[in-house]
Structure formats: structure tokens, C-alpha cells
Amino acid sequence: LGHLYLFLDALTQASASRREVRSQSQKGFYIQEALTYIAQNYQRDITVEKIAEACNLNRTYFGRMFKKTIGHTPQEYLTRFRMARAIDLMRSTDYPISRIAQMVGYPNPLHFTKVFKKEFGISPRAWRNADPQVQMYDYTMMPTNMRGYFSAAQLDAAELVRRSASEVRITLRQQEIACESQNIVAE
């Protein structure tokens, strides 16, 4: 009789762990579906509700699951995806900002400008006219799942520029400190 209880206990535990694995793989499936939907439809007027609907999930459940898995809300992810695509278009084309806004899912260019400025602290027009150092979007800071959209060369270049800019700032600060100390000694 004792062996029967041990067997039933082991069977119950195995079943519970199998349900957990199945649950995780289902979540992964839904997240992948959402990411694919965003990548294929970001240029359209999509909402979190539409993304959840495409995955056949309740919006609230979908939002919680997405945030827990990706680390960002679906809206944050969609916005960052669109902004990354907009930067790519501003770099590679001469299209007007209004056209780029429409191409990345913002029919209203003023709304696009507002979102862009909130994300980067500079307007799209100012960004386009800025020094290339300012234009280097830090791809290393984006969610890991978004990095697949960019080539390895873009990611490597972003990392090199980020490191170079940091090293330049450190060197400049060291020079400032050296000059300050020389001025103190001279006085």
C-alpha cells in the first residue's frame, strides 16, 4: 500500500511539471505570434487589443503575459519597434518625416514627432540633421527580442560607437581634471 502512495505521488508530480512545461511553451507560442504580428503589421493602425485578438487572448491576460515575458508592455514594444524602423528609414532614405511617420504606423506626423521626441529627447528633423554620433541609436538597449530585426553589423556598430563615445567622454574628463589641477598648482 505504501508503494502505491509513492507511485501516485510521483505520478502527480510528473503531471504537474508537464503542465508547467506545456504552459510555458504555450506562452512562448503566443509571444512569438504577437512579435510576428507586430513585425508584419507595425505600419498599420494596430492596437494592443488587435494584437491580443490576433493571438486569440484576452487583452488583460495578454498584456500581463507579454510584460512578464518581454519586460515591456505590448504598447512600449510596439512604439520602440516603430521608432527603430523610423530611424532606419531616416538613415537610409530622404523621405520626408511625414511620409516616414505614415510608413511606421503614425498617420498624424505631429503625433509621430511627439512620440519620437519622448523616446529620444530630440525631434525627428533635428535628429536627421544632427551629428552622426547623436544619430547612433543604441540598439544594445532595446529588448533582446527586437534585436533580431537588425543585422549583426548594425548591432556591432552601435556597440562600438557607444563604447567609443564613452571612452571619449572619459578622456575629455581626464583632460579637464588635468587642466584644473595644473591651474591650481599655477596659482
Side-chain angles (χ1 to χ4, degrees), residues 14-125 127-128 135-159 162:
S15 177
S17 65
R18 191 173 312 136
R19 273 194 305 260
E20 178 65 28
V21 168
R22 187 171 42 227
S23 172
Q24 291 301 323
S25 66
Q26 282 179 330
K27 286 180 184 177
F29 169 78
Y30 288 127
I31 294 299
Q32 190 57 49
E33 285 293 305
L35 297 178
T36 301
Y37 183 84
I38 290 170
Q40 292 175 349
N41 296 287
Y42 70 92
Q43 69 280 13
R44 296 188 178 118
D45 183 26
I46 59 173
T47 61
V48 176
E49 289 81 14
K50 288 181 183 176
I51 300 169
E53 188 179 296
C55 296
N56 294 317
L57 294 173
N58 170 282
R59 187 219 183 279
T60 305
Y61 173 75
F62 168 73
R64 268 192 252 124
M65 178 183 62
F66 194 95
K67 170 110 173 140
K68 185 176 181 182
T69 306
I70 300 294
H72 296 279
T73 66
Q75 187 61 50
E76 290 170 340
Y77 184 90
L78 175 61
T79 299
R80 288 184 177 164
F81 191 93
R82 285 174 166 168
M83 291 299 111
R85 184 65 182 127
I87 283 178
D88 204 25
L89 287 168
M90 285 193 289
R91 273 198 189 114
S92 62
T93 70
D94 291 331
Y95 295 149
I97 300 298
S98 58
R99 182 168 181 199
I100 290 173
Q102 290 177 343
M103 291 173 75
V104 298
Y106 291 94
N108 181 343
L110 295 175
H111 184 239
F112 169 75
T113 298
K114 182 179 176 183
V115 173
F116 190 96
K117 191 167 186 173
K118 182 179 178 187
E119 188 75 18
F120 299 106
I122 188 172
S123 72
R125 191 167 319 288
W127 183 91
R128 187 177 249 178
Q135 290 183 2
M136 184 51 73
Y137 178 67
D138 192 355
Y139 293 103
T140 61
M141 298 301 289
M142 73 175 54
T144 307
N145 294 28
M146 278 182 65
R147 293 184 191 179
Y149 175 75
F150 301 97
S151 70
Q154 287 173 312
L155 294 173
D156 291 344
E159 178 62 18
R162 188 181 65 74

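Keep in mind it's a predicted model, so treat the numbers as computed, not measured.
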### Euclidean distance, Arg85 CZ relative to Gln43 CD, rounded to 0.5 Å
9.0 Å

### Message
Give me the atom names and distance for the closest heavy-atom approach of Pro124 to Phe112.
### Response
CG-CE2, 3.6 Å

### Distance-minimising heavy-atom pair for Ile46 and Ile38
CD1-CA, 4.4 Å

### Centroid-centroid under 6.0 Å between Tyr106 and His111 rings
yes

#### Entry: Leu35 vs Phe81 side-chain heavy atoms within contact, under 4.5 Å
no

### Query
Could you give the distance from CD1 (Ile51) to OH (Tyr42), rounded to the nearest 0.5 Å?
14.0 Å

### Gap separating the CE atom of Met90 from the CE atom of Met83, nearest 0.5 angstrom
8.0 Å

### Message
Assess, by modelled atom type and distance only, whether the side chains of Glu49 and Thr47 contain a donor and an acceptor separated by less than 3.5 Å.
### Response
yes

### Task
May I ask you to check whether over 12 heavy atoms, not counting those of Lys50, lie within 6.0 Å of atom NZ?
yes

### Query
Does some side-chain heavy atom of Ile100 sit less than 4.5 Å from a side-chain heavy atom of Arg128?
yes

### Summary
All heavy atoms of Pro107 vs all of Pro109, minimum pair found to be O-CD, 3.3 Å

### Query
Do Asn56 and Tyr30 touch side chain to side chain, with heavy atoms closer than 4.5 Å?
no

Without placing hydrogens or testing angles, list every side-chain donor-acceptor pair under 3.5 Å for residues 92-99, not counting sequence neighbours.
from	atom 1	to	atom 2	distance (Å)
Ser92	OG	Asp88	O	2.9
Thr93	OG1	Leu89	O	2.6
Thr93	OG1	Tyr95	N	3.4

#### Entry: For Phe66 against Ile31, the heavy-atom pair lying closest together
CA-CD1, 3.6 Å

### Query
Would you say Arg82's side chain and Val104's backbone share a donor-acceptor pair under 3.5 angstrom?
yes

